[in-house]
Amino acid sequence: MATEPARLEVLSALARKVLWLSSWTIHHANHIRPNADGLKVGGHQASSASLGTIMSALYFSVLRPQDRVAVKPHASPVFHAIQYLFGHQTREKLENFRGFKGAQSYPSRTKDTDDVDFSTGSVGLGVAQTLFSSLVQDYVKAHGWMKDRPEGRMIALVGDAEMDEGNIFEALLEGWKHGLRNTWWVVDYNRQSLDAVVREGLWEKFESMFRNFGWDVVIVKYGRLMRAAFAEPGGEALKSWIDACPNAMYAALCFQGGAAFRKHLTDEIGDQGAVSQLIDRRSDGELLELMSNLGGHDMASMCEAFEAIDHDRPVCFIAYTIKGVGLPFQGHKDNHAGLMTVTQMEKWRTAQNIRPGHEWERFEGLSQQPAALEAFLSDAPFNRDGRRRLTAPVIEIPERLSFKPSPQMSTQQGFGLVLNELARGDSELASRIVTASPDVTVSTNLGAWVNRRGLFARAEKADLFRSEKIPSTFNWDFSPRGQHIELGIAEMNLFILMSALGLSHAINGERLLPIATLYDPFIQRGLDALNYACYQDARFMVAATPSGITLAPEGGAHQSIATPLIGMAQDGLAAFEPAFVDELAVIMGWGFQRMQREGAGEGGSVYLRLSTRTLEQPQRMMTPDLQKAITDGAYWLRKPGENCEAVIAYTGAVAPEAIEAIGLIGESRRDVGLLAITSADRLHSGWTTARKMRRDHRGLPHLSHIERLLAPLPRDCGIVTVIDGHPATLGWLGSVRGHRVEALGVEQFGQTGTIDDLYRHHGMDANAIIDAAESLTAGAPVRHRKMAV
Ligand SMILES: Cc1ncc(C[n+]2csc(CCOP(=O)(O)OP(=O)(O)O)c2C)c(N)n1
Ligand SMILES: [Mg+2]
């Protein structure tokens, strides 16, 4: 169904307005708003211009309330301009574009106020987010939670150079495996990247690749003017010339203008009668208009392409565009950070009929009646249901998560036991948990959960081994009821899936409690995606195991050293490293609550750094005080006496070494204390928050958890910290109250061996702890040492 001409005219006028407003926003931020440090704030005028028509077609006509969009980061000004026209964005925020609390440089779910569906910034991630969001929508639907809500399309506006990002290809493969639907990727094929012009013929590679993965491909190359010209006598020759023209040349001619096009066309095609007349009939201005009328800049062609889709198969649109179209630097290869000069802007303003001082007026310079435009905008299907951010009720979390205890366990095993117990029950909590793992489901102890809850697929598929009655520990049945999403090995996909699952309450109005498992070192493989998920305030739990050098014979390449620091530094992620399973159960329960708390500062995601090392488990009552201390980050496993000379503060799997050392040190040092640290991250952030609060509300005696724990220690008490990770994770403890610290941990990696070998090698065994304590305290040498085994 073609869009009627009158409607097209309004849409085109709005697209021109969007181009103006987005450019003006950038211009204002750089040239008009006083900027004390004199620096330009930039803003991607060229990249934005490229998508002006495509995005106008989508937002003003094609999108429905249930559709969700990831906008290419550097088209943020276009997004904000569209929302401004809709009345969802304020002039104040646009005037403060890229400024403190102004409209954001890249669309941000958490920092922008104009209803960004998916944040973007690090190119490639937003694109994959749409794919995984579509899978999540399928998950919600298959579990019967869509009710009468229609299925939305998940749409990404993709830069052509953005397609270089490997995570997009990883996502494509995963999408294919899961029968992806309802996903549109619109490639802004301006044939320019940040630095230069892209390779020739890239579209052919895109086309075959997408088709290969089961996508439809729609190439929108020629606009209406072009198509009309091709139908004129000589038009075929013009079309052949356009098709053969190298990207760089086309871009250069767009920059140079109509006269340059004329010269090249004439030189290269020669005098061929009809085509020469076709060219001669047009002025330089008209010729440039014709040659820049690529599909992506033609409202009719874009609407036609979008409206023609009447199925739910994934579609890749390759829309030909010119970077910076309509602006003085259109097509110039250096235009990525280009800004229009004041003179250029003046000239363009006049050409647009915009009076000085009226630049922000929404309909200034348009020939349509403001009331008609207003009505058109409020009738846009996109706005039909008002604001589109949904919410979901909080799922109740039992007071205590239980597990089947045994005297000796690892935290990884404990994690499996807690989930197994949940899987056995019929709680609402269990029904909302979704697990996913990048091909390490079994080796991270999710097997028991998956056995009970099954794998997710839209169609039933029985485990062949089971149906053939071949004995196997794990039941690999797929069904629409399944609660585990099997992923290939790509960790980027794991975290982007977490990002999509962890936003389900806001996108689908149905809460999911996603849990990812992976090997701890591979957090670094997916780190940008993890950061991205946190930046969008997606809510999930990561169980990373095995970790550190404690995985010992598993191999040096699998050791992780930096992850505790990542856990501390990653905003939106509370990191824990319990030693014992009762601690883990407390943390998981707290984590499920935290994942549901409203507001980025209040709630967030949770990272559990777990171990395969089997430890003797403490037999103790879990009191509310202990429970709180565990989630606040630390508790005294052995309380220091009044004249305490030394404290050992440990985290995680090195607990036995710390316990052994404290026993030996206790024979020759007074009142020693053993501090169990379950979360360096929570302790540290509690400490910094308390300091900030004290600064902000002078006199308020708010002490953080770690300050209270360390308060009784005499000033000259020494603290030895030990963790299977970088020593800086706990080294800061000395700054809390001015105690001297010896921080033990791992700084080199790569050696395999037994745990004993490696702890000795890295100076984290009981004797190394004793040496460190001796070096911090006066007095005779500690009499007894751990004997070599
Ligand atoms: C992961 C990542 N690497 C680098 C960048 C910096 N960067 C921003 S835009 C861009 C090039 C974009 O080219 P394209 O996707 O073709 O968009 P266009 O500017 O042509 O619209 C680059 C390298 C980034 N944002 N993210
Ligand atoms: Mg590009």
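First listed ligand is number 1; within each ligand, the first listed atom is number 1.
Residues Gln129 and Ala500 come closest through the heavy atom pair NE2-CA, 3.5 Å.
A donor and an acceptor atom, one from each side chain of Ser108 and Tyr535, are located under 3.5 Å apart. Side chains of Glu95 and Trp360: a donor on one and an acceptor on the other come within 3.5 Å.
Looking at Glu304 and Arg227, a side-chain N of the basic residue comes within less than 4.0 Å of a carboxylate O on the acidic one, giving a salt bridge. Between Asp216 and Arg211 there is no salt bridge, since no side-chain nitrogen of the basic residue lies less than 4.0 Å from a carboxylate oxygen of the acidic one. Contact check on Asp537 versus Arg109 returns no salt bridge, with no Lys/Arg side-chain nitrogen under 4.0 Å from an Asp/Glu carboxylate oxygen. Between Arg388 and Asp117, at least one side-chain nitrogen of the basic residue sits less than 4.0 Å from a carboxylate oxygen of the acidic one, meeting the salt-bridge criterion.
Among the atoms of Asn190, an N, O or S atom is found under 2.8 Å from the Mg ion (ligand 2). When distances to the Mg ion (ligand 2) are checked against a cut-off of 2.8 Å, Tyr189 contributes no N, O or S atom below that limit.
The Mg ion (ligand 2) lies closest to atom OD1 when only the N/O/S atoms of Asp160 are considered.
Protein residues lining ligand 1, listed by chain and number: Ser47, Lys72, His74, Gly121, Ser122, Val123, Gly159, Asp160, Ala161, Glu162, Glu165, Asp188, Asn190, Gln192, Ser193, Leu194, Lys323, His336 [non-hydrogen atoms, distance under 4.0 Å].
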